[in-house]
Amino acid sequence: MNDVGPRVRDRRHLLRLEQDEVCARIARHTNGGWNPGWQDMSRIENGFRTVTDLEVVALAKALECSPCWLLTGTQMD
């Protein structure tokens with residue numbers, strides 16, 4: 001089961017970002033190494049696409065949260 005997707009969506013909504021804005025942030029944080037489209041974000045958020053460990057880190061940077069929270073839903077102390 002892909003638990004990261006709903007957390008990505010929830011965090012994006014909290015930050016009031018559109019999917020394409022998150023994609024632009026990811027591209028900037030990865031220096032163009034990952035250039036997802038809004039369709040990719042939609043698939044991730046809806047659980048139809050899993051993410052790699054490196055993608056979790058990029059998503060966390062773009063969404064201003066920790067990779068741990070994206071993976072588990074809790075912060076590490």
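If you read the sequence from its start, that first residue is 1, and numbering goes on from there.
In the displayed structure, Glu18 atom CD is contacted under 6.0 Å by at most 12 heavy atoms of other residues, nucleotides or ligands.
Connection of Leu15 to Val4 is established within a shared hydrophobic cluster, with ILVMFWY side chains joined at heavy-atom distances below 4.5 Å, either directly or through further cluster members. Val22 is connected to Val56 through a chain of hydrophobic side-chain contacts under 4.5 Å among Ile, Leu, Val, Met, Phe, Trp and Tyr, so both are in one cluster. Linking Ile, Leu, Val, Met, Phe, Trp and Tyr whenever their side-chain heavy atoms come within less than 4.5 Å puts Leu71 and Val8 in one cluster.
The two residues Cys65 and Trp69 make their nearest non-hydrogen contact at SG-CE3, 3.9 Å.
Applying the salt bridge (Lys or Arg N to Asp or Glu O under 4.0 Å) test to pairs two or more places apart or on separate chains, those with a residue in residues 50-75 are Arg25-Glu64, Arg49-Glu55.
Residue Glu45 forms a side chain to side chain donor-acceptor pair (under 3.5 Å) with just one option from Arg9, Gln19, Arg7, and that option is Gln19.
Here the side chain of Arg12 pairs a donor or acceptor atom with the backbone of Leu17 at under 3.5 angstrom.
Within the 4.5 Å cutoff, the side chain of Cys23 has no heavy atoms near those of the Asp40 side chain. For the pair Leu59 and Ile26, the minimum side-chain heavy-atom distance is below 4.5 Å.
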